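Given the structure is predicted, the values throughout are model-derived calculations rather than measurements. In what follows, every chain begins at residue 1, and chains take the letters A, B, ... in the order their sequences are listed.
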2 protein chains.
Amino acid sequence: MQEIHADNLNVRTVRNSKQRQAILDMLSRQQSHLSAEEIYQAVKVQHPKISLGTVYRNLEVLTETGQIDRTSFADGKARFELSLAGHHHHLVCMKCGDIENIITCPMAREITGIIESHDFRPMHHYFEIYGYCHKCQ
Amino acid sequence: MQEIHADNLNVRTVRNSKQRQAILDMLSRQQSHLSAEEIYQAVKVQHPKISLGTVYRNLEVLTETGQIDRTSFADGKARFELSLAGHHHHLVCMKCGDIENIITCPMAREITGIIESHDFRPMHHYFEIYGYCHKCQ
DNA sequence: ATCGCTGCAAATCATTTGCAGCAGC
DNA sequence: GCTGCTGCAAATGATTTGCAGCGAT
């Protein structure tokens, strides 16, 4: 019988695995925002036996540990990128699908004031702008 | 042989149907943002034979004609509401799931300026704030 | 009489999950 | 050795689509 310490209550140890490392390496070489399927295809080149399920499970762990960011887009797909960039928002091209980051954030004093006047406690937010990039106008 | 006028090139006539009207009626009695499944369940009360496929097809037509607005939320589900409210954004409660509209829009001069300096032509945008509503804090 | 719209069922797409064996620590 | 992680395959959930008949104009 194992003793119960605070340390092993609700604590899941996260191990390293070649697959998780491969996903992370791949995303650091990548500038763009990739869907789970795209990540799967790219990692498969070096790791032919990796499964899409494993990719999804790792994307979730990496999101929880804050190493990557997940964003849901209007097409109903989530896309992922390294967290390095810090907090930012997206310009999504409706023609070529390209996604560019902008570091400007709308959560300014004026807007947080309005939100709090609704008795709402904001935790996070999404701000995605859809339109046409310089190549596609 | 039918003559070809500009009027019937690429123009799809939209007819009225009891099902479409029922969906619209239902949404006007409703204040909240409903998923396709919720709309289906609600309309089924008066229209027991309506199918979920019909609901989806009508939601698409009504969105295209601008009578309703569709928004994709982070849970991967789209939700719908009458267009009456005009342009607005959402406060989404992460506990009870309630969605409140705010008419404040972050697309101010400062931000559109930054976007255009990226050579990007914005068409529309989403701004959703996730957090806790007054009941759930 | 068109042809858009319907119900039904099957198909598709993104994502999740059960399971038995393998692999970090 | 414990237990998290994997590949595989099947399950789930949201949404779409093929089809033959019905209904609005």
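Whole-Å rounding puts the B:I50 CD1 to C:dA9 P distance at 16 Å. The distance from atom CD of B:Q21 to atom P of D:dG23 is 18 Å, rounded to the nearest whole Å. When rounded to the nearest whole Å, the span between OH of B:Y56 and P of C:dG7 equals 15 Å. Atoms CD (A:E37) and P (C:dT12) sit 15 Å apart, rounded to a whole Å. Between the P atom of C:dC13 and the CG atom of A:L52 lies a distance of 14 Å, rounded to the nearest Å. A:L24 places its CG atom 14 Å from the P atom of D:dC5, with the value rounded to the nearest Å. Rounded to a whole Å, the CG atom of B:L34 is 16 Å from the C1' atom of D:dA14. The CD-C1' distance, from B:E60 to D:dA14, rounds to 14 Å in whole Å.
Note on B:Q19: only backbone sugar-phosphate atoms sit closer than 4.0 angstrom, heavy atoms only; bases stay farther off.
If B:R70 and A:H47 are placed on DNA chain D by their nearest nucleotide, the residue sitting closer to the 5' end is A:H47.
Across D:dC8, C:dG7, D:dC5, the shortest atom-to-atom separation from the side chain of A:S17 is found for D:dC5. Side chain of B:T54, nearest nucleotide from D:dA24, C:dG7, C:dG4: C:dG7. The listed nucleotides are D:dG23, D:dG4, D:dT15; the one nearest the side chain of B:R15 is D:dG23. Relative to the side chain of A:K18, the nucleotides D:dA24, C:dT15, C:dG24 differ in distance, and C:dG24 lies closest.
A 4.5 Å side-chain heavy-atom check between B:Q30 and B:I39 finds every atom pair outside the cut-off. Looking only at side-chain heavy atoms (C-beta outward), B:F80 and B:L34 stay at 4.5 Å or farther from each other. In this structure, the side chains of B:E81 and B:R79 stay at 4.5 Å or more apart for every pair of heavy atoms. Residues A:P106 and A:H89 meet the side-chain proximity criterion, which asks for heavy atoms closer than 4.5 Å.
You won't find any donor-acceptor pair under 3.5 Å spanning the side chain of A:R57 and the base of C:dT16, going by distance alone.
A side-chain donor from one of A:T65 and A:Q67 sits under 3.5 Å from a side-chain acceptor of the other.
Taking only side-chain nitrogens and oxygens, B:K49 never comes nearer than 4.0 Å to OP1 or OP2 of C:dG7. Remark: A:N58 is in phosphate contact with D:dT6, judged by side-chain N or O atoms under 4.0 Å from OP1 or OP2.
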